[in-house]
Amino acid sequence: MSGLRSFVARRLLLGALQTVAVVLLVFALTEALPGDAAVALAGDQPDPARIAAIREAMDLDRPAYERLAGWATGLLHGDLGTSLTSGRPVAHYIADGFGPTLLLATLTLALLVPIGFGLGVLAARHEGRLVDRLVSSVTLAVYAVPEFALGVLLVTVLAIKLAWLPPTALGYGTDLLAHPAALVLPVLVLLSRPVCSLSRLVRAGMVDALASPYAAHARRYGVPGARVRYTHALPNALAPAVQQLARTVDWLLCGVIVVEALFVIPGLGTVLLNAVAERDVPVVQGLAVVFGVLTVVLNLGADLVAHRLTPRAGVAA
Amino acid sequence: MTTRRRFALGLGVIVVPLVLALLGPLLTGEPGPRATSFTLGGGHWLGTDFVGRDVWQQVLLGGRTVVVTALAATALAYLVAVPVALMSALTRVRWLEELLMRPLDVLLAVPSLLLILLVASVLAPGAVGLALLVALVNVPDAARIVRAAAGEAAARPAVEALRMQGESRWRIAVGYVGRSALRTLAADAGIRLTGVLYLVSTAAFLGVGVAPDAADWAVMVDRNRTGLFVQPWAVVVPALLIVALTTGTNLLFDAALEKNQTDKRGRRP
């Protein structure tokens, strides 16, 4: 038990360090770059009044470490700062974009788990036969395709040529649940890469587990095939898959940004891209911290679950 | 499917985008006068794009940036990751090892596209900047994998023997440990190149590291989307080429990997 406890302690410490590192990195990348940040941020409109306004709004006259301290204390109190362009609090931006992104992420995860495991088990059951070869080849091929390329091709065929689905979610606002047809393509595109990686992992784990001596022994005892598969083999294929599920958080995040841009969905990804385009540094910083911390926490959770499932394997910490 | 057939399939898929990307810029003539936006026909084989340029000519020009940036970023990532990993595997100084590898563990937590967008919000990185950024994002993972392979080789008795023979550190690191890790490196390189291609093209689609009217397949997909209803070819052709490029890379490396299968516990899910 002490082994487990020390693992948890070490993993939590790493998580805390990663959180601090995310905050430091976000600050360093956006504010501590050489040169005059205000001039760089004013960009296309190098108007002295605007430069002065940016300098004032971001407190650029104060030394970097003081600004970092002020920003980090604000973060601890839940204060993410205010936008440079509109003067609204960053928290409002996040609250606005949160709904659609959460909906997309929830739907994708809810479908990802059954489809990924289903395809993996299906391929493993028919190992070496046509179904397996088909699933393996398709997942291998789709795994590498960027979401935007797959997305526009699906839009061209399903939305424009066949007119089955709306090409974008434009005009539906944040209430996407009222327009389920507009959600089909975004979720399909978001699912494409994670489903492939998850099902390949489940397949590999299941193939190993089904070929193991204990599975053969269970069969010799006359345990039915379905029970061998689902109660004996599947749990052993689970641990690597759970970890992969957490790694897909990174992909889902990239995917959400791209999919929201592609289908004009007003979520956090769109907020982030708009802020990047407008060089609205406080909004970018706030969103980056939220996304970064979310990734750290989810990875932490997955490592702990995976460790609980296979204490022998030893997860990096 | 047999490995050989998969290999052939991968080659078949990748050859069109690769040839277009590498030789395309040599085949384009002088850019003609600009026509009306989003038209079909009129001497333009694939129609015109959002500013009235010939789409076929843009397709010929647009692959090079994607391929070259991705290759440069992959090479750069290893240029940093391999020395760090070898040094950390061979050093006997515990704190130096921690100092080299721990910061990378922490960096792994930051989502890759987020890091690129963060920098893009302050600077406007060009193609070189994008390659550097993508390389930076890939260093932690690459270093960890090479470190694991090199660490195993560095613990072998042969290394101890080489040390006692008085071989130089350089000779041990490059000649023995590095060579032992080469196979893992080769396996990792394929997966990494696929990931880098994904990241480079996605960043270009989001407008990072490219001019807004650049001749680049990903930029073409983004900018010509507005004309999707009237002139789909300006979007479909570059999108298909990107799909073929990424899929082909993945299929090819997967088949090559299986051909000289040594390490069954590959990272690929």
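These values consider heavy atoms only, across backbone and side chains, with no hydrogens, waters or symmetry-generated copies.
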- Item | Contacts of A:Y93 that satisfy ring-ring contact (aromatic ring centres under 6.0 Å, His included) - sequence neighbours left out | none

For [X] against [Y], the heavy-atom pair lying closest together:
X      : Y      : value
B:T246 : A:V145 : OG1-CA, 3.8 Å
A:F148 : B:I242 : CZ-CD1, 3.7 Å
A:A149 : B:A239 : CB-O, 3.9 Å

- Who pairs with B:P111 by side-chain contact (heavy atoms from CB on, under 4.5 Å), at least two apart in sequence or on another chain? A:D250, A:L253, A:T295, B:L114

- Is the side chain of B:N250 donor-acceptor paired with the backbone N or O of A:Y143 at a distance under 3.5 Å, no angle test? no

- Message: Looking at chain B, which one of A:V202, A:L25, A:V142, A:L17 has the largest number of heavy-atom pairs inside 4.5 Å, strictly under?
- Response: A:L25

- Message: Just so I understand: if I count every heavy-atom pair under 4.5 Å between each of A:G292, A:A288, A:A21, A:A277 and chain B, which residue has the most?
- Response: A:A288

- Query: With chain A, which of B:L118, B:V243, B:V235 has the greatest number of heavy-atom pairs at distances under 4.5 Å?
  - Reply: B:L118

- Note on the structure: Most heavy-atom pairs under 4.5 Å with chain A, out of B:V221, B:V208, B:L197, B:L199, belong to B:V221

- Query: Can you tell me how far the CG atom of B:L251 sits from the CG atom of A:L140, to the nearest 0.5 Å?
  - Reply: 5.0 Å

- To the nearest 0.5 Å, tell me how far A:F291 CZ sits from B:L115 CG. 14.0 Å

- Message: Under 4.5 Å from any heavy atom of chain B, what part of A:V157 do you find: side chain, backbone, both or neither?
- Response: neither

- Name the region of A:L262, side chain, backbone, both or neither, that has any atom closer than 4.5 Å to a heavy atom of chain B. both

- Report yes if the side chains of A:L153 and B:V236 come closer than 4.5 Å at any heavy-atom pair, otherwise no. yes

- Query: Within a strict 4.5 Å, meaning less than it, do heavy atoms of the A:V284 and B:L117 side chains meet?
  - Reply: no

- Query: Considering only heavy atoms, which portion of B:A244 lies under 4.5 Å from any heavy atom of chain A: side chain, backbone, both, or neither?
  - Reply: neither

- Query: B:T249 versus chain A, heavy atoms under 4.5 Å apart: side chain, backbone, both or neither?
  - Reply: neither

- Item | Row check, B:Y198 ring normal vs A:R193 NZ/CZ: under 6.0 Å, within 45° | yes

